[in-house]
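The next block holds one structure in the form of structure tokens; read it before the comments.
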Amino acid sequence: MSAAAVPDHLRGALTRWLLEVTPELYVGTVSARVRDELWTAVAACAGDGVEVLAHPADNEQDFQLRTVGRRRRAGRCSPREQT
């Protein structure tokens, strides 16, 4: 889980369940219930930041992504401007 715009008290809650391997990047193995509760708390605090969650899923890639926040990428990539 990448949690860039969360308050300190929520960062503390995340580190109770997950390892903070680099600033704002949390990794760990938790139950679906704990994962969803953590995501709900993080999504509620997203504000101007962007939050991303990757977790196992039963699909071709074997994972699912969830995103929330105002600075998410939207639409298609624009072609490079030639200089």
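The first residue in the sequence is number 1, and the count goes up from there.
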Keeping to residues at least two apart or across chains, list the salt bridge (Lys or Arg N to Asp or Glu O under 4.0 Å) pairs with something in residues 52-64. none
L25 with L53, same ILVMFWY side-chain cluster at under 4.5 Å: no
To the nearest 0.5 Å, what is the distance between CZ on R66 and NE2 on H55? 4.0 Å
Could you work out, with side chain to side chain contact (heavy atoms under 4.5 Å, CB included) as the rule, every residue matching S31, not counting sequence neighbours? R33, V34
For A43, side chain to side chain contact (heavy atoms under 4.5 Å, CB included) partners two or more places apart: W39, V68
Heavy atoms only: give me the nearest C45-L10 pair and the separation to one decimal. SG-CD2, 3.9 Å
Which donor-acceptor pairs under 3.5 Å do the side chains of residues 16-23 make with protein atoms, sequence neighbours left out?
from: E20; atom 1: OE2; to: E24; atom 2: N; distance (Å): 3.1
from: E20; atom 1: OE2; to: Y26; atom 2: OH; distance (Å): 3.4

Under the side chain to side chain contact (heavy atoms under 4.5 Å, CB included) test, which residues partner A54, sequence neighbours left out? L65
Would you tabulate the side-chain donor-acceptor contacts of residues 2-9 under 3.5 Å, counting partners in other chains and residues two or more places apart, or write 'none'?
none

Testing the basics here: between V52 and T67, what is the closest heavy-atom pair and its distance to 0.1 Å? CG2-CG2, 4.0 Å
